[in-house]
Every structure is written in C-alpha cells, then in structure tokens.
Amino acid sequence: MSASTPATPKSPVSFLPFARPAIDEETIAGVAEVLRSGWITSGPQVKAFEAKLSEYAGGRPVRAFNSGTGTMEIALRIAGVGPGHEVITTPLSWVATANVVLEVGARPVFVDIDPVTRNLDPDRIEAAITSATRAIIPVDLAGLPVDRDRLYAIAKRHQLRVIEDAAQSFGSSWQGRRIGAFGDFVSFSFHANKNITTAEGGCLVLNDEREAGLAEQYRLQGVVRTGYDGMEVDLVGGKFNLTDVAARIGLGQLPHLDLVTARRRELARAYLEAFDTPLVRDLGLRLPVADFANSNWHMFQIVLPEERLTIRRAEVMARMHAAGIGTGVHYPAMHLFAVYRRLGWQEGAFPHAEYAGRNILTLPLFPALTRADVARVVTTLLEILAAHQKQKV
Ligand SMILES: *Cc1c(COP(=O)(O)O)cnc(C)c1O
C-alpha cells in the first residue's frame, strides 16, 4: 500500500443479534416451487409436515397450526377448559402462555418458579390446586424441560390435564425420551426465533384420532367435510391453519434439528466455560443449569445480580448494544402486566419470578455463532459489570 493511499477504516465488527434463523438454499428453492405450484395455503405440504412431526413424536397424532399460541388455545378447548375453571402456570414466560387461558374464559393461576431452573416449581403446584383447577401449563423456559416425572405424578393424582407449552423445547428430551413423544397435549411453536421455524407456525401433539379430529375442526371454522359436497359445522372453530408455504420451510428445517441442537449445546458449553471466572463467582451472576442431555438450549440466559450492580438491566443492554451485541429480555414476570394486575395479581406474590423478570438477560445464541463471538460477548459483558460493581457491605 503506497503512502498516499488513505487509510481504509477498519471494517466494523458486524452486529450480533441474539437470535437468527438459518434457512438453507434447498428450502428457499422448495418454497419457490410451492409458490409456483398453484396451491399455497394448507395442502400437501402441511400433510407432509404433519407426517414428519408425527414421526418425531413417536407416532402420536400431530396437527400443524399458524402459531404456537393457537395450538394451546385449541388444546384448552379440546380439554373442555372454560369459564369457571382455573389453569396453573408459570409467571415467567411469553405472555401467550396465560393469555390463552383468558381467551377460553378460564382463570390463570400462577405459582412461583424455581430460581435455579427458572421453570414452574413443582413443589408449589399442589398448594395452588382448587376444586376449579382443570389443567397445568408448564413451560420449558430456554428449552430446559420441567421435571416431567413430578409434573405427571401431580396431574395424575389430581386428575388434571397437561398442556405442555413446549414452544421453546423442540429437540429437547426428558431422561432419554423426546419432548412430544409422551405426555398429554404438547404444543410447539415454529416462530422465527425458535430452534426450528416456519416463520410463524406451531403444532400440537395429541393423544388420539378423536382429539386430532377436534383439532382440525377448531383450526378451521369447525367445518367437517364429507364426500364431494358434504359440509357440517357442529362447533365454533377459528382460523388457525398453517400455509403450505410455511410448511415447506418447516420440512426444510427438520433435517437440521439434530445438528442445530448439538451446535447450540456446544456453544452453551463455551459460554459456561467463559463465565467460569472469579468475578462471576464474586458477583453471584446466575448462570443457566449446565444440562447438555435434556435441554435444546433454545436460549442462553443469565440473571444479573441487581444487589451488586450500580446499573440496571436496561443500561447493561444499552452498553452491549453500543458494543455491537444484541441481547433480549425473556421475560418480564407476566402477573405484573396490567391485564393480570386487574385480575388481582400483585407485586411481591412471586419473588423468584419477579427477580428473574427484572434481571434475566438473553445473550446471542444461534448455530452460526462462533466461539470467538461467545468470547467477545462474555468479555464485553464482564467489562461492563466489573465497571459497575457495588462493593459488598
Ligand atoms: C414462542 C412462544 C409461544 C408462542 O408461540 P407463537 O408461535 O409465537 O404463537 C408460547 N410460549 C412460549 C414459551 C414461547 O416461547
């Protein structure tokens, strides 16, 4: 380079989002084919996707939907949950988990989380059961499964239905069995940020063909067709069907599942190694459970030690953003949203969920992330925390 050449600016380090979908070229070509085929809404691609999902779920019936929210609402309807009924769930989830309970006219009843797993604490479920309780909606936050043995023992003892909100745990397992391959209703989401995506979409694993038939009815206006021209409507359904365009994306995603899960586990391991420092121990920064057998590591989340920091989470996020690193909040404790406060839930009711809700932070994790990216995220974060420590009293 000659002396007269102006110095080229250093290429800026690219911004790291906290999640990024990966769609391969074969899938993009497949979607184009569907678009040209003359049939773009629910059709052969949805049927093929459902068949693959059923295979995944050990042969159980599976029906595809246009969201993982709709799947749960419909599971509640099939279970006969409605006005006058209560459904037990966690306050630390995407608000869809409790909104669907309100949608069918029932009352969500929250119980606090276990601060280690960040999931619904099985020890607290039974105290919340009343004569009005009909179901439990457990959530596998970040892909770490709720203890299915304890959950189903409680459900059986009290004759409750379970709608597993497994939106984040496609690819996770419980003691060697895939989530979805056993249990009662299991609801998955294929939202753009989930491990496997259809852009928007979801599916419901059901117990038998009768339930699957009801799911089809609720999914599309309650309609049952027979022969060439027969049509009957004997229940009120909605509009929850998946398109063939979306199903084709899902079909292209499924073959990558095992690699995606393995890669996420590897990156989570790298995060935990990088976080193994004296500062982290001294601050009491809370790391996720080091589970590499069950969890699909849908997210890598830390919980900031608010009592040891002079800055709050929003400021940490702003500083990470300024350093080119995206972070997320999953989630604020939902019983404190106005809709739920109006139903009587108050601050102080669930201290563990509230603490997590104020301090939980999702760090970048997706298959294309590199170990160098992980190192950069951890170094940047620890520099911010080190500069804003409150001295121990
Ligand atoms: C994504 C998600 C949902 C909702 O899924 P959609 O497909 O976006 O409707 C529900 N619960 C949890 C825990 C989720 O992460």
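Both counts, for ligands and for their atoms, begin at 1 and track the order of listing. What's counted below: heavy atoms across the whole structure, side chains too, no hydrogens, waters or symmetry copies.
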Atoms of ligand 1 under 4.0 Å from any heavy atom of Lys194, numbered from 1 in the order shown, are 1 (C), 2 (C), 14 (C), 15 (O)

Assess whether atom CD of Glu26 is packed by more than 12 heavy atoms of other residues, nucleotides or ligands within 6.0 Å. yes

Open item on the list: Between Gln253 (side chain only) and Ala22 (backbone N and O only), is there a donor and an acceptor less than 3.5 Å apart?
Closed with: yes

The protein heavy atom nearest to atom 3 (C) of ligand 1 is Trp94 CD1, 3.5 Å

Atoms of ligand 1 under 4.0 Å from any heavy atom of Gly68, numbered from 1 in the order shown, are 5 (O), 6 (P), 7 (O), 9 (O)

Numbered in order shown, the ligand 1 atoms found under 4.0 Å of a heavy atom of Ser93 are 13 (C)

Under 4.0 Å from one or more heavy atoms of Tyr331, ligand 1 contributes atoms 15 (O)

* Asked: Hey, does Pro138 have a side-chain heavy atom less than 4.5 Å from the side chain of Tyr152?
  -> no

Note: ligand 1 atoms sitting under 4.0 Å from heavy atoms of Gly201 are 7 (O)

Ranked by distance from atom 4 (C) of ligand 1, the top protein heavy atom is Thr69 OG1, 3.6 Å

Are Val109 and Thr133 close enough that some pair of their side-chain heavy atoms sits under 4.5 Å apart?
no

In this structure, atom 10 (C) of ligand 1 is nearest to the protein heavy atom Asp165 OD2, 3.6 Å

| message | Assess whether a salt bridge exists between Arg248 and Glu33, defined as any Lys/Arg side-chain N lying under 4.0 Å from an Asp/Glu carboxylate O. | response | no

heavy-atom search around atom 5 (O) of ligand 1 in the protein gives Ser189 OG, 3.2 Å

Tell me whether the guanidinium CZ or amine NZ of Arg63 lies under 6.0 angstrom from the six-membered ring centre of Tyr218 and within 45° of its axis. no

- Task: Could you please spell out the steps behind the side-chain hydrogen bond (donor to acceptor under 3.5 Å, both in side chains) verdict for Trp174 and Asp149?
- Result: CA-CA 9 Å; Trp174 176 250; Asp149 300 331; 3.2 Å; yes

Here the ring-ring contact (aromatic ring centres under 6.0 Å, His included) pairs for residues 104-145, sequence neighbours left out, are Phe110-Tyr340, Phe110-Trp345

Near Val139 (heavy-atom distance under 4.0 Å), the atoms of ligand 1 are 13 (C)

Nearest non-hydrogen protein atom to atom 14 (C) of ligand 1, with distance, is Ala167 CB, 3.3 Å

Quick note on ligand 1: atoms under 4.0 Å from a heavy atom of Gln168 include exactly 13 (C), 14 (C), 15 (O)

Per-atom filter on ligand 1: closer than 4.0 angstrom to a heavy atom of Thr97 are 11 (N)

>> Against ligand 1, does Gly202 come closer than 4.0 Å with any heavy atom?
In response: no

Test ring-ring contact (aromatic ring centres under 6.0 Å, His included), reference Phe300, set Tyr271, Phe18, Phe366, output is Tyr271

